[in-house]
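All residue numbers refer to positions in the sequence shown, counting from 1.
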Amino acid sequence: MATLYVRNLPDDLYAKLQELAVSQHRSINAQVITLLEQALKTETQQTDEERRKNVPKLLEEIRLRREQLPTDIEWPDSTAMIREDRDR
């Protein structure tokens, strides 16, 4: 297991951490691990609301990409391609 040392930790921050650990019936070490786990979970997992907020951004990005596609390309007709494949 890895060891983490924190240098120059402000005294007031350490005091708050100590108070929180006592109120949660944990050691300072256990409290720090718990806080780090919570912070990393929160940062990596998006809530449903955050995902919904991202939808308009994604749709706008898709629209912009679509506009950048060349318009002079003639795409093959999918129906004709399916018929051709079935006739093989």
Please walk me through it: do Glu60 and Arg63 pass salt bridge (Lys or Arg N to Asp or Glu O under 4.0 Å)? CA-CA 5 Å; Glu60 179 65 17; Arg63 187 187 65 74; 2.4 Å; yes
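The distance from atom OG of Ser78 to atom CZ of Arg83, rounded to the nearest 0.5 Å, is 10.0 Å. Considering CE of Met81 and CD of Glu84, their distance stands at 7.5 Å, rounded to 0.5 Å. In this structure, Arg66 CZ and Leu59 CG are separated by 9.0 Å, a value rounded to the nearest 0.5 Å. Atom CG of Asp77 sits about 8.5 Å away from atom CD1 of Ile82, to the nearest 0.5 Å. Between Asn29 atom CG and Leu4 atom CG the span is 9.5 Å, to the nearest 0.5 Å.
Looking only at side-chain heavy atoms (C-beta outward), Leu64 and Glu61 stay at 4.5 Å or farther from each other.
Under a hydrophobic clustering in which Ile, Leu, Val, Met, Phe, Trp and Tyr are joined whenever their side-chain heavy atoms come within less than 4.5 Å, directly or via other members, Val22 and Leu17 fall into different clusters. When hydrophobic clusters are built by joining Ile, Leu, Val, Met, Phe, Trp and Tyr residues whose side-chain heavy atoms come closer than 4.5 Å, directly or via intermediates, Val6 is grouped together with Leu36. In this structure, Ile33 is not a member of the same hydrophobic cluster as Leu40, with clusters built from ILVMFWY side-chain heavy atoms closer than 4.5 Å.
Within 6.0 Å of CG on Asp87 lie more than 12 heavy atoms contributed by other residues, nucleotides or ligands.
The shortest non-hydrogen separation linking Ala21 to Ser27 is CB-O, 3.8 Å.
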